[in-house]
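Contents: one structure, followed by commentary.
As the structure is a computational prediction, the values presented were derived from the model and not from experiment.
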Amino acid sequence: TRPGHAAVDAAEEIARVIPVLAAVSDALPRTPLSIDTTKVVVAEAALAAGADLLNDVWGTGSDPGLAELAASAGVPLLVMHNRAEARYDDVVREVVDDLRAALERAERAGVRLLLENLNREPEHAEVRYLAFSVEECREYFSRITSPALGWAFTVNHAHLVPEGVGGFLDAIGYDGW
């Protein structure tokens with residue numbers, strides 16, 4: 001998923017991930033599973049193998065068909081922010097602009113877009129998750145209002161939040177837990 005990566009075709013991606021996804025789904029049938037992909041055919045295979053949600057690592061930018069698939073399958077669509085090059089003049093403004101475009105695509109498809117949780121990374125990381133700090137999270141949600149916008153706090157990055165999950169939720173003003 002990082003910029004500059006060697007592309008993997010859909011058949012190779014399916015061969016790599018679907019057997020593992022199916023095995024985990026069979027072994028842990030009550031555990032929600034996701035697939036990180038940019039390819040509709042891979043996402044379709046993942047849903048058939050037991051995935052419960054889709055994670056579009058390019059924020060619906062590479063193929064709007066992922067948003068359409070999520071809507072038709074009735075599964076959540078998580079997104080992160082990614083660019084071919086991690087160069088920004090005004091990172092928050094540019095990410096907000098890109099996120100607005102992703103939301104427009106999601107709204108057209110009729111799917112709710114869930115932002116992937118805070119992920120602490122170096123300022124000039126190759127892949128930019130949607131927020132690096134509590135302040136950025138507040139900024140995104142203050143600049144963007146849409147019924148198609150939601151939040152997903154995924155455990156794969158929860159350990160990166162120095163405030164802890166509870167401290168993070170407190171810091172952004174969430175009181176529903």
Quiz prompt | Distance (rounded to the nearest 0.5 Å) between Lys39 NZ and Leu69 CG | solution = 14.5 Å
Exercise. Please name the pair of heavy atoms, one in Ala10 and one in Val42, separated by the smallest distance, quoted to 0.1 Å.
Key: O-CG2, 3.9 Å
Self-check item: Reported OG-to-CG distance for the pair Ser34 and Asp56, which is rounded to 0.5 angstrom
Solution: 12.0 Å
Quiz item: Side chains of Val96 and Ile144: does their closest heavy-atom pair fall under 4.5 Å?
Solution: yes
Exercise. Identify the two heavy atoms, one from Ala67 and one from Ala106, that lie closest to each other, and give their separation to 0.1 Å.
Key: CB-CA, 4.5 Å
Quiz item: side-chain contact (heavy atoms from CB on, under 4.5 Å) between Val24 and Thr31: does it pass, once the steps are laid out?
Solution: CA-CA 9 Å; Val24 172; Thr31 303; 5.9 Å; no
Self-check item: Heavy-atom pair with the smallest gap, counting every atom of Asp89 and Glu94
Solution: N-OE2, 2.6 Å
Quiz item: Looking only at heavy atoms, which two atoms of Ser25 and Gly50 are closest? And how far apart?
Solution: OG-CA, 3.6 Å
Quiz item: Is there a donor-acceptor contact under 3.5 Å from the side chain of Glu12 to the main chain of Val8?
Solution: no
Exercise. Look up atom CD1 in Ile35 and atom CG in Asp52, then write down how far apart they are to the nearest 0.5 Å.
Key: 12.0 Å
Practice problem: Could you grab the distance from atom CG of Asp36 to atom CG of Leu53, nearest 0.5 Å is fine? | Solution: 9.0 Å
Quiz item: Rounded to the nearest 0.5 Å, what separation is found between the CG atom of Leu47 and the CG atom of Leu21?
Solution: 9.0 Å
Quiz item: To the nearest 0.5 Å, how far apart are CG in Leu114 and CG in Leu54?
Solution: 11.0 Å
Quiz item: Is the backbone of Ala148 close enough, under 3.5 Å, to the side chain of Glu107 for a donor and an acceptor to pair up by distance?
Solution: no
Quiz item: Minimum heavy-atom separation for Leu77 to Ala70, with atom names?
Solution: CB-CB, 4.0 Å
Exercise. Give a yes or no answer on whether the side chain of Arg112 reaches the backbone of Leu149 with a donor-acceptor pair at less than 3.5 Å.
Key: yes
Quiz prompt | Side chains of Leu113 and Leu99 in contact at under 4.5 Å (non-hydrogen atoms) | solution = yes
Quiz item: Distance-only, no hydrogens or angles: does the Arg100 side chain make a donor-acceptor pair with backbone N or O of Arg143 under 3.5 Å?
Solution: yes
